[in-house]
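Comments concern the structure below.
Here is the naming used below: chain letters follow the sequence lines, and residue numbers restart at 1 for every chain.
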Amino acid sequence: MPALSPGRQTEGFFLFGACAGHVFNDDMKRTKIAEVLTKEPIGQEVTVMGWVRAFRNNQFIALNDGSCARHLQVVVNPEQLGEQTLSRIKFGAAIGAVGRVVESQGKGQRIEVEAREVTIYGDCDLEKYPLQPKKLSLEYLREHAHLRFRTNTFGAVFRVRHALAYAVHQFFHERGFFYLHTPIITASDAEGAGEMFRVTTLPLDNVPRTPDGQVDYKQDFFGRPTNLTVSGQLEAELGALALGEVYTFGPTFRAENSNTTRHLAEFWMIEPEVAFADLEDNANLAEAMLQYVCRYALEHCPEDLQLLEERLLEEEKVKPQDQRSPMPLREKIRFVVDNRFERLTYTEAIEILKNSPPNKKGKFQFPIERWGADLQSEHERYLVEKHFQKPVILTNYPAAIKAFYMRLDDPKEGVPGPTVAAMDILFPGIGEIVGGSQREERLDVLLQKMRDMNIPEDELYWFLDTRRFGTCPHAGFGLGFERLVQFVTGMSNIRDVIAFPRYPGNAEF
RNA sequence: GCCUCAUUAGCUCAGUCGGUUAGAGCGGCGGACUGUUAAUCCGUAGGUCCUAGGUUCAAGUCCUAGAUGAGGCGCCA
């Protein structure tokens with residue numbers, strides 16, 4: 001690490017990292033580029049630090065420090081600077097500059113910094129540096145994910161991701177929800193949300209066995225088999241039935257061999273759980289939350305979203321017309337904020353799909369024939385993207401295709417079979433972004449369901465205790481955070497909205 | 001897990017019907033440049049044509065298998 005200021009390096013870096021504030025070290029104040037560009041403190045001297053994005057005409061440095069999408073133009077005097085320093089101002093180099101903020105003579109920016117002093121913190125060897133000052137493919141950048149934060153696109157994606165995460169907490173906090181940290185390592189695997197990653201300290205090359213040849217988990221760290229969590233829902237229910245309204249927001253793990261643009265083996269999930277709430281309350285909450293966080297991003301990330309919108313436009317130029325987004329990115333987000341989501345039952349959806357042109361013309365790969373079949377993504381896409389052209393909340397699915405904990409509906413005229421109080425929220429381009437339900441709070445109904453579905457009661461005694469003692473109607477949902485980030489940033493592959501994606505065959509970095 | 005497509009210079013890609021010495025743009029490097037905006041101009045280096053087999057007088061090009069990547073499907077959030 002190049003010296004910043006002898007004797008105070010450690011403290012300087014600590015402060016810089018810890019509070020992201022103004023103090024860099026005691027004799028040097030770093031002003032963030034976002035602040036310089038917003039406040040435009042003309043005539044004042046500032047110290048800025050960042051990474052060189054372009055050096056033009058031996059004079060003009062485009063400097064970016066990650067605080068915002070825009071670059072600050074730093075103007076240097078090549079004669080005053082000297083050849084030695086001049087030759088080290090290269091794409092990717094970390095530099096600092098001290099100088100006066102002035103109105104720019106050029107057309108591309110309103111203000112610039114006239115540097116009287118330039119410090120090189122870190123050189124960048126461009127023969128070896130994987131990034132180049134040119135357009136790089138997302139696939140290439142994915143292979144260099146440790147450096148892709150330094151590009152315009154990924155800078156924007158991760159600033160927007162942060163804003164969305166912050167907005168999620170703000171939304172729930174404002175409504176009196178408590179943030180509950182549910183366990184990441186869990187012994188429960190009866191929920192059936194997906195394949196699990198085993199957590200063990202047993203030696204794989206010499207696994208202890210019981211006399212009958214089974215793995216002896218009594219000798220494992222926890223004295224029993226444990227896995228990484230696939231959902232915090234069951235634990236969140238325990239919290240909700242005491243604290244009233246809780247939410248979780250944490251990492252979730254699925255060992256499914258999923259190879260798609262919307263699945264990860266490690267992803268972040270938001271799971272609110274609300275006591276004394278039914279399915280309608282649940283749908284209202286999910287809709288309000290999605291609109292709140294989308295509005296927050298529109299208001300707080302205008303420049304990043306503009307950049308991402310232009311990027312998407314550029315990316316879609318090469319696609320045929322019918323595969324392009326019907327609206328520019330920000331308009332699409334605004335549309336979600338301003339319009340009520342379409343709500344309909346599974347039974348109603350089946351009727352629409354049955355009579356839809358693609359079904360009648362045999363265009364669906366899986367034709368809709370009977371009530372009770374699970375909807376394929378082609379059907380969901382038709383409803384969201386063609387029929388309603390807005391987010392859709394589908395409710396009251398057949399009980400047979402949904403999880404055991406969902407509340408059994410009262411029989412209803414015109415509905416061929418038993419249904420549960422489930423809901424899925426479908427977004428254009430993303431598909432299922434939310435899955436939730438009113439939970440089965442009646443012990444006898446729940447036990448019967450568990451027996452029918454072969455779910456062991458004794459392992460879930462703690463879950464069933466909520467129904468044994470002071471049970472109440474309650475509901476909740478799970479929202480895939482990366483899918484939300486996908487929607488808001490317009491990134492088409494989920495691997496590009498999480499810093500270090502985990503998926504089959506890939507755990508780099 | 002299944003299906004489809006791709007893999008050629010650092011990156012993005014072209015390479016005709018199987019035929020002589022595999023090209024371009026960008027990027028890099030060297031130089032010029034005191035108002036640039038993906039700066040510009042001049043010069044220059046850079047190749048295991050993914051790997052292993054096979055067909056052929058001859059393979060970047062055709063065939064087989066594998067690896068890697070992308071997209072779609074399933075599983076879901």
Side-chain angles (χ1 to χ4, degrees), chain A residues 53-62 70-81 86-87 90-92 102-109 112 114 124-144 152 191-195 230-233 251-271 286 314 318-319 323 364-366 374-381 401-403 424-427 430-436 477-487 492-496 498 503-506:
Chain A
R53 287 297 187 82
F55 186 34
R56 293 183 282 264
N57 214 5
N58 264 355
Q59 277 183 97
F60 304 101
I61 302 168
R70 278 195 285 164
H71 305 157
L72 175 68
Q73 175 151 291
V74 174
V75 188
V76 300
N77 182 333
E79 279 161 29
Q80 184 198 324
L81 212 56
L86 212 57
S87 67
K90 286 180 178 176
F91 179 76
V102 297
E103 273 183 57
S104 179
Q105 298 169 42
K107 292 242 167 65
Q109 57 285 315
E112 62 195 21
E114 272 179 355
C124 189
D125 182 350
L126 293 174
E127 291 198 68
K128 293 179 185 141
Y129 191 42
L131 301 188
Q132 298 174 3
K134 57 172 288 193
K135 196 167 285 289
L136 297 165
S137 69
L138 296 175
E139 291 79 18
Y140 176 77
L141 290 170
R142 211 172 290 149
E143 288 173 10
H144 303 274
N152 291 336
E191 202 228 331
E195 288 298 310
V230 291
S231 164
Q233 181 202 312
T252 310
F253 308 87
R254 305 261 167 107
E256 306 284 350
N257 190 10
S258 291
N259 294 287
T260 79
T261 53
R262 54 191 191 283
H263 288 88
L264 289 165
E266 177 182 300
F267 64 101
W268 288 66
M269 190 151 63
I270 297 148
E271 295 179 289
E314 193 68 29
V318 295
K319 289 187 180 171
Q323 282 176 36
F364 284 141
Q365 196 189 334
F366 301 91
D374 211 347
L375 298 182
Q376 307 293 317
S377 51
E378 59 179 345
H379 307 133
E380 297 180 344
R381 269 209 314 277
I401 58 171
K402 289 290 180 182
D424 280 0
I425 300 186
L426 311 175
F427 260 39
I430 311 289
E432 187 178 341
I433 195 167
V434 164
F477 62 83
L479 181 146
F481 184 58
E482 281 75 19
R483 291 187 181 173
L484 172 65
V485 182
Q486 266 188 288
F487 175 76
S492 50
N493 194 318
I494 200 165
R495 297 165 186 177
D496 295 330
I498 188 165
Y503 49 98
N506 206 301

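- Residue A/Arg56 has no polar side-chain atom (N or O) positioned under 4.0 Å from OP1 or OP2 of B/C41.
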Quiz item: Given the rule in the ring pair (Phe, Tyr, Trp, His ring centres under 6.0 Å) test, do A/His263 and A/Tyr503 qualify, once you have shown the distances and angles that lead to the verdict?
Solution: CA-CA 8 Å; A/His263 288 88; A/Tyr503 49 98; over 10 Å; no
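- Partner assigned to B/U44 is B/G28, using Watson-Crick or G-U wobble distances below 3.5 angstrom.
- Counted by atom type alone, A/Glu271 and A/Ser231 present one or more donor-acceptor pairs between their side chains at under 3.5 Å.
- On the P atoms, B/A77 is 24 Å away from B/A70, given to the nearest whole Å.
- With values rounded to the nearest 0.5 angstrom, A/Gln376 atom CD is found 4.5 Å from A/Phe366 atom CZ.
- Between A/Arg495 and B/G69, a side-chain N or O to OP1/OP2 separation shorter than 4.0 Å is absent.
- With B/G35, B/A77, B/C73 as the choices, the nucleotide that has an atom nearest any side-chain atom of A/Gln105 turns out to be B/G35.
- B/G47 and B/C42 have their C1' atoms separated by 26 Å, with the value rounded to a whole Å.
- Taking A/Lys90 as the reference, nothing meets the salt bridge (Lys or Arg N to Asp or Glu O under 4.0 Å) condition, with sequence neighbours excluded.
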Quiz item: For every nucleotide of nucleotides 2-14 of chain B, 5' to 3': is a protein heavy atom under 4.0 Å from its base (B), only from its sugar-phosphate (S), or from neither (-)?
Solution: --------BBS--
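- The same atom, C1', is picked in B/U61 and in B/U55; the two are 14 Å apart, to the nearest Å.
- Considering only the side chain of A/Ala54, B/A39 comes nearest among B/A39, B/U36, B/C75.
- Pair check for B/A65 finds B/U51; Watson-Crick or G-U wobble, both atom distances under 3.5 Å.
- Out of B/G74, B/G28, B/U36, the shortest distance to the side chain of A/Ser377 is found at B/G74.
- Electrostatic pairing of A/Lys402 and A/Asp424 counts as a salt bridge here, judged by a charged N lying under 4.0 Å from a carboxylate O.
- Closest to the side chain of A/Pro133, out of B/G35, B/G28, B/A77, is B/G28.
- Comparing B/C76, B/G35, B/A77 against the side chain of A/Ile494 picks out B/A77 as the nearest.
- Of the P atoms belonging to B/G46 and B/G23, the separation is 13 Å, rounded to the nearest Å.
- Remark: A/Gln376 is in phosphate contact with B/G74, judged by side-chain N or O atoms under 4.0 Å from OP1 or OP2.
- A/Arg483 forms no cation-pi arrangement with A/Phe427, by the criterion of a distance under 6.0 Å to the ring centre and an angle within 45° of the ring axis.
- When the P atom is used for both B/A6 and B/A65, the distance is 15 Å, rounded to whole Å.
- Once the 5.5 Å centre distance and the 30° plane angle are applied, the aromatic ring of A/Phe267 is found stacked with the base of B/A77.
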Quiz prompt | Trace of the side-chain hydrogen bond (donor to acceptor under 3.5 Å, both in side chains) decision for A/Arg495 with A/Asn506 | solution = CA-CA 11 Å; A/Arg495 297 165 186 177; A/Asn506 206 301; over 6 Å; no
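- Side-chain nitrogen and oxygen atoms of A/Arg142 include none within less than 4.0 Å of the OP1 or OP2 phosphate oxygen of B/U68.
- Considering every non-hydrogen atom in both A/Glu266 and A/Phe253, the closest pair reads OE1-CE2, 3.4 Å.
- Here A/Asn257 reaches the OP1 or OP2 of B/G1: one of its side-chain N or O atoms lies under 4.0 Å away.
- Nucleic acid contact for A/Gln73: base, since at least one base atom lies under 4.0 Å from a heavy atom of the residue.
- Nearest nucleotide to the A/Glu256 side chain, out of B/C75, B/G72, B/A77: B/C75.
- Ranking B/G71, B/C75, B/G28 by closeness to the A/Asn493 side chain, first place goes to B/G71.
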